[in-house]
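Sequence positions, counted from 1, serve as the residue numbers for this chain.
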Amino acid sequence: SRLPLIIAIDGPAAAGKGTLARRLAESLGLPYLDTGLLYRAVGRRMLDAGLDPATDAAEDQARRITLADLERDDLRVPAVDRAASLVASQQAVRTILVDTQRNFARAGGGVLDGRDIGTVIFPDAPVKLFITASPTARARRRWEQMAADLDAPDRAAQIARVAAELAARDAADAGRAVAPLRAAPDAVLIDTDAMTADEVLAEALRIVRSRTGRLTTV
Ligand code: CDP
Ligand code: CDP
């Protein structure tokens with residue numbers, strides 16, 4: 001009856017892309033793909049094999065990725081954050097992962113979040129969202145996701161360390177030659193600094209409705 005709906009969500013680290021994408025997919029009855037997992041899985045393989053993630057050995061590891069790689073529970077650790085960003089700067093790695101991302105949504109549409117979904121993977125997506133928040137807000141959010149002890153005495157120092165790591169990765173992702181982190185010209189920007197995750201979802205659903213006429217429930 002209607003074209004499969006594709007929603008492209010991009011933005012810097014810890015802005016809330018994944019949280020929004022998951023909830024949007026659930027609300028709209030669409031499949032969800034966290035494309036960062038693909039790069040994390042390649043980075044994980046490089047570390048496990050004792051290879052430098054900045055080298056072109058990453059191309060071979062990207063070819064070996066299977067579903068089992070994406071289901072590992074050790075993909076969201078700081079070493080893999082860095083390794084993922086290093087393999088992601090390589091054109092050969094990105095080329096291998098393009099078909100996986102396009103095929104995921106070809107039949108039934110989908111919500112995909114990453115860095116280049118609206119610019120490279122689905123440049124014709126009818127809905128593109130660029131999710132941002134200040135470096136301070138993003139560092140606090142990522143620290144809260146990782147922190148075991150919310151009353152840690154060195155809380156401020158820990159958050160500052162996370163902020164420095166996010167800044168370094170965002171600079172690498174936005175500054176690279178291939179598929180840099182960038183808002184597509186037709187993306188709607190949502191600055192989530194002063195918003196709850198519920199408010200971001202409501203705003204995104206409003207944008208989806210205005211762009212597609214799609215009802216907001218399954
Ligand atoms: O996918 P991305 O790295 O952009 O962010 P995430 O993994 O979704 O992490 C965002 C964190 O911030 C989660 O713990 C959310 O609960 C929280 N958060 C949010 O996503 N959106 C807000 N407006 C406020 C907080
Ligand atoms: O959750 P967070 O935003 O911290 O990271 P992620 O979305 O899991 O992505 C990890 C890394 O993979 C990013 O820093 C990018 O270097 C890379 N990435 C990419 O280049 N293109 C994508 N579509 C998704 C992730």
Note, L28 side chain near I7 side chain (heavy atom, < 4.5 Å): yes
Any luck finding a side-chain donor-acceptor pair between T66 and D69 under 3.5 Å? yes
Determine the minimum heavy-atom distance between A133 and D191, stating which atoms define it. CA-OD1, 4.1 Å
Taking the side chain as C-beta and beyond, is there a heavy-atom pair between T35 and I121 under 4.5 Å? no
With the threshold set at 4.0 Å, does a side-chain nitrogen-carboxylate oxygen contact exist between R142 and D81? no
T192 side chain to R141 side chain, donor-acceptor N/O pair below 3.5 angstrom: yes
Are V200 and V127 connected into the same hydrophobic cluster when the rule is that any two of I, L, V, M, F, W, Y join if their side-chain heavy atoms are below 4.5 Å apart? yes
Minimal non-hydrogen separation, A58 against V42, with atom names: O-CG1, 3.8 Å
Keeping the roles fixed (side chain from R94, backbone from A88), state whether a donor-acceptor pair exists under 3.5 Å. yes
Transitively linked via ILVMFWY side-chain contacts under 4.5 Å: I131 with V208? yes
Using a strict threshold of under 4.0 Å (side-chain N to carboxylate O), is an ion pair present between R76 and D34? yes
Counting distance only, does the side-chain N/O of Q101 pair as donor-acceptor with the main-chain N or O of L97 below 3.5 Å? yes
Less than 4.5 Å apart, any side-chain heavy atom of T55 and any of M46? yes
With no hydrogens and no angle check, is any side-chain donor or acceptor of D10 less than 3.5 Å from a backbone partner on L181? no
Pairing of D198 and R23 as salt bridge, 4.0 angstrom limit: yes
Side-chain heavy atoms of L24 within contact of Y32, under 4.5 Å: no
Salt bridge or not for R63 and E59, using N-O below 4.0 Å? yes
Is V120 reachable from F122 through a run of I, L, V, M, F, W or Y residues, each pair having side-chain heavy atoms under 4.5 Å apart? yes
Could you tell me if the side chain of I117 sits less than 4.5 Å from the side chain of I9, heavy atoms only? no
Residue pair I6 / P126: nearest heavy atoms and the distance that separates them: O-CD, 3.4 Å
Does A13 offer a backbone N or O that forms a donor-acceptor pair with the side chain of R138 under 3.5 Å? yes
State, with a plain yes or no, whether a side-chain heavy atom of I207 is found less than 4.5 Å away from one of E203. yes
K17 side chain to D113 main-chain N or O, any donor-acceptor pair under 3.5 Å? no
Quick one: does V80's side chain get under 4.5 Å of D74's, heavy atoms only? no
Thinking salt bridges, do R155 and D151 make one under a 4.0 Å N-O criterion? no
Nearest 0.5 Å, please: how far is OG1 in T196 from CG in L201? 9.5 Å
Rounded to the nearest 0.5 Å, what separation is found between the CZ atom of R82 and the CG atom of L86? 9.0 Å
Pick from L189, I190, V188: which one makes a side chain to side chain contact (heavy atoms under 4.5 Å, CB included) with F130? L189
